[in-house]
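What follows is one structure encoded as structure tokens, with my remarks underneath.
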Amino acid sequence: MNTAAASIDKRAFRNALGAFTTGVTVVTTCDAAGRDVGLTVNSFNSVSLEPPLVLWSLARSSGSLPAFVEAEHFAVHILAADQEPMSNRFAQRGADKFAGIELARGEGGVPLLPGCAARFRCRTAFRHEGGDHEIFVGEVLGFEAFERAPLVFHKGGYAVAVKKRQPPPTAAAPLPNESPEASISRDALVYLLGSAHAMLLAAMRPALAARGLSDDDYFVLNILSVGLPRTVEQLDALMGLAGRRVTLQQLAAMAQRALVRPAAALAGGWQLAEAGTRAMLEMAAISKATEEDALQQIDYSEAHLLKHLLRRVIRNTWRGEQPALWPVAG
Ligand SMILES: Cc1cc2nc3c(=O)[nH]c(=O)nc-3n(C[C@H](O)[C@H](O)[C@H](O)COP(=O)(O)O)c2cc1C
């Protein structure tokens, strides 16, 4: 064992273990003085159904060790996909990790955290020595499961879980009488993104029409709602990305309706005016509702992944010389 231990490169070992994808939990307890204690843990695992047992391991170097050794109870919280900040907070040493969190209490006064995907209240049934870690085996006294997508940890970083659908996604099957080229373009990213954009915009068009806004008006208002004043040339260059143009006459017509006005901060620049700001606030709510409709039957993790991948497509296709509405992260 000594020879093997000596020949194992710690970093490589840790990296290889990182290939095993896990969820992320926060394990909490209450120390003898009644102080709340907790830490982020991904060594959690199920052990037995009958009796219901779970386990996790705690580094002997952890400041929380004495509290967990002495306490009779602990709680395991399986974090939800949006609880990355919670994971980071409980992975810090010492800090007051519970500040500002609305807690419930379990057996032995153990603090129970909100917002997780599942929560197990446990009694410490056994402890085992596990090298530089102490293994805690907990008997589950009670649990709650919530319909929330889990946070995932893989290769040293956070991830989201996306279910593989059956059958797996494949290229579009040719329709009867369809040429092979047509079925390829039906599957092309530019077609898929273009159609998705056209459909989303079409769904919002009645709301735009009700406010007397054309697509072009809406594009201009969108650009200006970022908060920077823009000249007509800058607006035209940004609109050009979507194959659209904007002229001074159009801006003057929008100004007459108090949608835009000349900006004091930039010579020849334009900014949102009162009616434009109001329209954009209303349209933001409509755009959110349209997005929710479009994301039906797409769960949190898939939607998160979709947006993440779209950002990457934008980054990969941005050629540097094109104007960008927002900074394109490198
Ligand atoms: C994703 C993730 C998983 C972790 N898993 C464990 C674990 O299983 N056991 C452990 O002792 N520490 C684990 N840690 C590290 C502790 O959370 C970290 O050392 C924490 O500062 C310990 O807090 P304490 O010193 O206040 O006890 C993990 C950290 C992260 C970010």
Side-chain angles (χ1 to χ4, degrees), residues 8 10-47 53-101 103 106 108-122 124-138 140 148-162 300-301 304 308:
I8 279 187
K10 254 195 188 172
R11 182 184 290 260
F13 179 48
R14 192 191 267 253
N15 287 347
L17 289 174
F20 186 60
T21 304
T22 67
V24 182
T25 74
V26 168
V27 185
T28 58
T29 193
C30 194
D31 74 7
R35 276 185 302 255
D36 293 331
V37 175
L39 77 157
T40 303
V41 161
N42 75 335
S43 55
F44 172 77
N45 223 320
S46 55
V47 175
L53 298 175
V54 294
L55 71 72
W56 62 286
S57 58
L58 175 60
R60 306 201 135 271
S61 58
S62 159
S64 310
L65 184 72
F68 280 103
V69 167
E70 282 166 30
E72 207 179 320
H73 298 98
F74 63 84
V76 181
H77 306 79
I78 298 187
L79 296 190
D82 60 356
Q83 288 190 302
E84 203 177 309
M86 178 89 91
S87 171
N88 290 332
R89 179 197 275 228
F90 278 87
Q92 287 170 31
R93 248 175 189 269
D96 181 6
K97 306 179 191 184
F98 293 86
I101 301 179
L103 299 170
V110 166
L112 300 177
L113 305 170
C116 52
R119 195 155 76 177
F120 300 88
R121 304 191 313 278
C122 306
T124 303
F126 313 103
R127 274 195 292 119
H128 300 286
E129 242 182 62
D132 58 7
H133 279 60
E134 183 83 2
I135 302 164
F136 288 80
V137 179
V140 178
R148 296 191 183 113
L151 183 61
V152 172
F153 200 68
H154 174 68
K155 291 238 170 220
Y158 296 109
V160 288
V162 179
Y300 174 92
S301 305
H304 181 90
H308 173 73

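Remember, it's 1-based here, ligands and their atoms both numbered in the order they're listed. Just so we're clear, the structure is a prediction, and the values are computed from it rather than from any experiment.
- When all heavy atoms are compared, the tightest approach of Ala32 to Glu70 is CB-OE1, 3.8 Å.
- Ranking protein heavy atoms by distance to atom 19 (O) of ligand 1, first place goes to Ala91 O, 4.4 Å.
- In terms of heavy-atom proximity, Thr124 sits nearest to Ala71 at OG1-O, 3.9 Å.
- In this structure, Phe136 and Phe68 have perpendicular ring planes: the angle between them is above 60°, well past the 30° mark.
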**Request:** Using the side-chain contact (heavy atoms from CB on, under 4.5 Å) rule, take Val54 and Val140 through it: C-alpha gap first, then chi angles, then the decisive distance, then the call.
**Result:** CA-CA 7 Å; Val54 294; Val140 178; 3.9 Å; yes

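- Interface of Ser43 with ligand 1, defined as ligand atoms under 4.0 Å from a residue heavy atom, comprises 7 (C), 8 (O).
- Which of Thr40, Val41, Val27, Val152 comes nearest to atom 30 (C) of ligand 1 through a heavy atom is settled by distance: it is Thr40.
- Checked against a 3.5 angstrom limit, the closest N/O atoms of Asn42 and ligand 1 fall inside it.
- Here the closest non-hydrogen pair linking Ala80 and Gly115 is CB-O, 3.5 Å.
- Across all non-hydrogen atoms, the minimal contact from Leu113 to His77 is N-NE2, 2.9 Å.
- Residue Ser57 holds the heavy atom nearest to atom 7 (C) of ligand 1 of all those in Gly156, Gly38, Ser64, Ser57.
- For the pair Leu79/Val26, a side-chain contact is recorded, criterion being any heavy-atom separation below 4.5 Å from C-beta on.
- Taking distance alone, with nitrogen or oxygen atoms compared against 3.5 Å, Ala59 approaches ligand 1 more closely than that limit.
- Distances below 4.0 Å separate heavy atoms of Lys97 from the following atoms of ligand 1: 23 (O), 24 (P), 26 (O).
- Of the polar atoms of Leu39, none of the N or O atoms is found under 3.5 Å from an N or O of ligand 1, judged by distance alone.
- Using 4.0 Å as the threshold, Phe90 has a heavy atom nearer than that to some atom of ligand 1.
- By the 4.0 Å heavy-atom criterion, Trp56 is excluded from the residues contacting ligand 1.
- Only backbone heavy atoms of Gln92 (N, CA, C or O) come within less than 4.0 Å of ligand 1; its side chain stays farther off.
- Taking only nitrogen or oxygen atoms, main chain and side chain alike, Leu58 does not reach within less than 3.5 Å of ligand 1.
- The backbone N or O of Leu151 lies less than 3.5 Å from no partner atom in the side chain of Gln83, so there is not a single donor-acceptor pair.
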